[in-house]
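Throughout, residue positions are numbered sequentially from 1 according to the sequence presented.
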Amino acid sequence: MIRLVALVGLLFGFMGCSPYWYKLPENFVVQPSGLNYVQIYFQASEDAPRIRCDLRNGQAIVRVGHSVTVGDDFNIEYEDRNFRDDRKIHYSMTPEYFSDALQSLVDAGLFKEEKPSKDAPVYPKVLVKANVNHHVIDKFTYDETLIAEIQSQLFQYRMSDRF
């Protein structure tokens with residue numbers, strides 16, 4: 001009888017450790033990995049250009065423009081007057097700098113769970129997809145701290161094209 005009670009207690013103990021109860025940590029230390037990536041889709045306002053930034057393998061590839069192809073490579077709306085308004089910027093960085101860039105996003109709340117309020121603004125429209133050290137997220141963000149960090153990094157990558 002005592003063994004049965006111990007076994008049931010152990011079973012309930014393991015149920016409490018179920019992955020369904022596991023909450024992803026919001027902050028962690030980024031470890032170098034070839035699998036780490038962050039994709040950012042950003043648009044400041046309805047009339048502002050779209051920006052897509054792919055951070056992976058020690059580089060940032062930034063696409064900027066009003067074209068629908070900035071957000072969707074396979075879009076075929078070639079009759080759209082802005083179809084050719086698309087620039088691509090390549091920004092290379094050292095592995096340490098790449099890890100620091102990802103760490104800045106993680107520290108700013110990249111993996112923090114967000115639920116939009118009823119008064120959440122439509123713009124800036126920011127969608128983030130990421131896999132950093134096997135922590136995966138796909139969300140629209142409304143967090144002002146994270147948006148400020150994203151804008152800072154996007155500004156840096158875009159300015160590198162001007163020199």
Side-chain angles (χ1 to χ4, degrees), residues 24-163:
L24 196 64
E26 294 176 2
N27 289 331
F28 54 89
V29 176
V30 174
Q31 301 298 320
S33 170
L35 300 176
N36 289 345
Y37 76 89
V38 176
Q39 287 183 327
I40 302 166
Y41 299 88
F42 181 89
Q43 189 173 11
S45 67
E46 187 175 356
D47 299 332
R50 297 174 173 104
I51 302 170
R52 182 176 79 188
C53 177
D54 291 324
L55 289 164
R56 69 178 74 226
N57 298 327
Q59 64 179 345
I61 300 173
V62 182
R63 292 184 71 173
V64 181
H66 288 90
S67 175
V68 291
T69 59
V70 170
D72 179 6
D73 290 325
F74 300 102
N75 196 304
I76 58 170
E77 293 181 27
Y78 57 87
E79 293 179 3
D80 183 347
R81 64 184 177 91
N82 294 318
F83 185 74
R84 299 205 192 292
D85 179 18
D86 180 6
R87 278 194 14 241
K88 192 180 271 191
I89 303 162
H90 293 269
Y91 182 85
S92 294
M93 54 190 102
T94 65
E96 295 81 22
Y97 191 83
F98 179 71
S99 290
D100 288 346
L102 296 183
Q103 188 68 56
S104 296
L105 291 170
V106 169
D107 292 345
L110 179 64
F111 289 95
K112 185 169 71 173
E113 291 184 25
E114 296 181 49
K115 296 198 171 139
S117 65
K118 291 181 181 180
D119 336 339
V122 174
Y123 292 98
K125 195 180 288 186
V126 184
L127 171 64
V128 182
K129 298 177 181 185
N131 178 4
V132 179
N133 297 123
H134 305 293
H135 300 285
V136 179
I137 193 97
D138 183 355
K139 70 175 182 176
F140 279 98
T141 185
Y142 308 94
D143 184 300
E144 292 177 9
T145 305
L146 179 57
I147 291 173
E149 178 60 33
I150 288 171
Q151 286 177 315
S152 172
Q153 288 194 23
L154 291 177
F155 178 76
Q156 175 183 347
Y157 305 144
R158 288 182 62 195
M159 287 306 291
S160 71
D161 184 50
R162 300 185 191 269
F163 300 110

Please examine the side chains of [Y] and [X], heavy atoms only from C-beta on, and report whether any two atoms are closer than 4.5 Å.
X: Phe28; Y: Asn133; result: yes
X: Arg56; Y: Asn36; result: no
X: Ile137; Y: Glu113; result: no
X: Arg50; Y: Val64; result: no
X: Leu55; Y: Tyr157; result: yes
X: Met93; Y: Gln59; result: no
X: Leu127; Y: Ile40; result: no

[X] and [Y]: which non-hydrogen atoms are nearest, and at how many Å?
X: Tyr123; Y: Gln43; value: CD2-O, 3.5 Å
X: Ser67; Y: Asp86; value: CB-CB, 4.2 Å
X: Asn57; Y: Gly34; value: OD1-O, 3.5 Å
X: Thr141; Y: Ile147; value: O-CD1, 3.8 Å
X: Ala130; Y: Val38; value: CB-CG2, 3.9 Å
X: Pro116; Y: Tyr142; value: CB-CE1, 3.4 Å

Mind checking the [atom1]-[atom2] spacing from [X] to [Y]? Nearest 0.5 Å is all I need.
X: Ser45; Y: Asp47; atom1: OG; atom2: CG; value: 5.5 Å
X: Phe98; Y: Ser33; atom1: CZ; atom2: OG; value: 9.0 Å
X: Asn131; Y: Leu102; atom1: CG; atom2: CG; value: 10.5 Å

Indicate yes or no for a side-chain donor-acceptor contact from [X] to the backbone of [Y] under 3.5 Å, with no hydrogens or angles considered.
X: Asp143; Y: Thr145; result: yes
X: Lys129; Y: Tyr37; result: no
X: Lys112; Y: Asp107; result: no

Donor + acceptor pair across side chains of Asp54, Gln39 (<3.5 Å):
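Distance-only check passes for Asp54 and Gln39.
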Pairing donors with acceptors under 3.5 angstrom, does anything connect the side chains of Gln153 and Ser104?
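Judged by distance alone, the side chains do not pair up.
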Under the criterion side chain to side chain contact (heavy atoms under 4.5 Å, CB included), which of Leu105, Asn27, Val132, Val136 is the partner of Phe111?
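That would be Val132.
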Can Gln103 and Val29 be said to form a side chain to side chain contact (heavy atoms under 4.5 Å, CB included), step by step?
CA-CA 7 Å; Gln103 188 68 56; Val29 176; 4.2 Å; yes
Using salt bridge (charged side-chain N to carboxylate O under 4.0 Å, His left out) as the criterion, list what pairs up with Asp100, not counting sequence neighbours.
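Testing Asp100 for salt bridge (charged side-chain N to carboxylate O under 4.0 Å, His left out), a comparison that skips the adjacent residues, returns none.
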If you apply the rule side chain to side chain contact (heavy atoms under 4.5 Å, CB included), what do you find for Arg87 with Arg63, and how did you get there?
CA-CA 5 Å; Arg87 278 194 14 241; Arg63 292 184 71 173; over 6 Å; no
Under the side chain to side chain contact (heavy atoms under 4.5 Å, CB included) criterion, do Leu35 and His134 qualify, and how do the steps go?
CA-CA 8 Å; Leu35 300 176; His134 305 293; 4.1 Å; yes
Atom CD of residue position Glu144 - does it have more than 12 heavy atoms of other residues, nucleotides or ligands inside 6.0 Å?
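12 or below, so no.
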Could you walk me through whether Lys125 and Phe42 satisfy the side chain to side chain contact (heavy atoms under 4.5 Å, CB included) test, starting with their C-alpha distance in whole Å, then the side-chain angles of each, then the deciding distance to 0.1 Å, before giving a yes or no?
CA-CA 6 Å; Lys125 195 180 288 186; Phe42 181 89; over 6 Å; no
